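Report on the structure given below.
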Amino acid sequence: MDAALAALAGAAIGAVIPSVTNFLLQRLKGSRDRQKMAVDLATAGFAHDLVLAGKRGGLVAPLAGYVIFYSDALDAIAKGNVTPDTIKALTIRKNDLLAAFPGAPPLEPDDQPGPQVAR
């Protein structure tokens with residue numbers, strides 16, 4: 001009887017481990033993909049602000065600040081937690097984050113990269 005229980009427990013553990021491993025690998029891949037997208041978006045935002053700084057003068061915050069912001073934004077999207085309040089909070093966080101770097105000018109609403117809304 002003990003051998004049968006041991007065999008049953010071994011079979012159950014053997015069936016569960018591949019599923020857990022697959023779940024963890026998919027989660028890590030999703031996280032890695034989001035980080036790559038954050039770096040791509042941050043690079044575009046940084047380049048946009050660099051052009052603006054060249055036209056107006058001034059400094060641009062380091063790329064790391066942009067990566068942090070876009071990573072937070074993509075995490076909110078992945079959680080399905082995107083509301084107007086979320087967007088406002090992320091925008092405030094972005095401006096605070098970038099303003100924390102020495103010499104970085106505050107961003108005007110029209111200076112944000114991406115599609116512009118007609119007024």
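Here the structure is a predicted model, which is why all the values come from computation and not from measurement.
- For the atom pair NZ (K79) and OG1 (T86), the distance works out to 10.5 Å, reported to the nearest 0.5 Å.
- Considering D96, L90, L74 in turn, L90 is the only one that fulfils the side-chain contact (heavy atoms from CB on, under 4.5 Å) rule with F69.
- Atom NZ of residue K88 and atom OG1 of residue T83 lie 9.0 Å apart, to the nearest 0.5 angstrom.
- Note: the hydrophobic cluster containing V51 does not contain F46 (ILVMFWY, side chain heavy atoms under 4.5 Å, direct or indirect links).
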Candidate pair R34 and S71, rule side-chain contact (heavy atoms from CB on, under 4.5 Å), full reasoning: CA-CA 7 Å; R34 264 198 316 277; S71 180; over 6 Å; no

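- Judged as a salt bridge (Lys or Arg N to Asp or Glu O under 4.0 Å), the pairs with a partner in residues 60-72 (not counting sequence neighbours) are, in order, D72-R93.
- Annotation: side-chain contact (heavy atoms from CB on, under 4.5 Å) contacts of V39 (sequence neighbours excluded): T43, V67.
- Minimum interatomic distance between D49 and V60 (heavy atoms only, all atoms of both residues): O-CG2, 3.5 Å.
- For the side-chain hydrogen bond (donor to acceptor under 3.5 Å, both in side chains) test, residues two or more places apart in sequence or in another chain that qualify with D40 are K36.
- The distance from the CD1 atom of I87 to the CD1 atom of I92 is 11.5 Å, given to the nearest 0.5 Å.
- Here K94 contributes atom NZ and Y70 contributes atom OH; the two are 4.0 Å apart, rounded to the nearest 0.5 Å.
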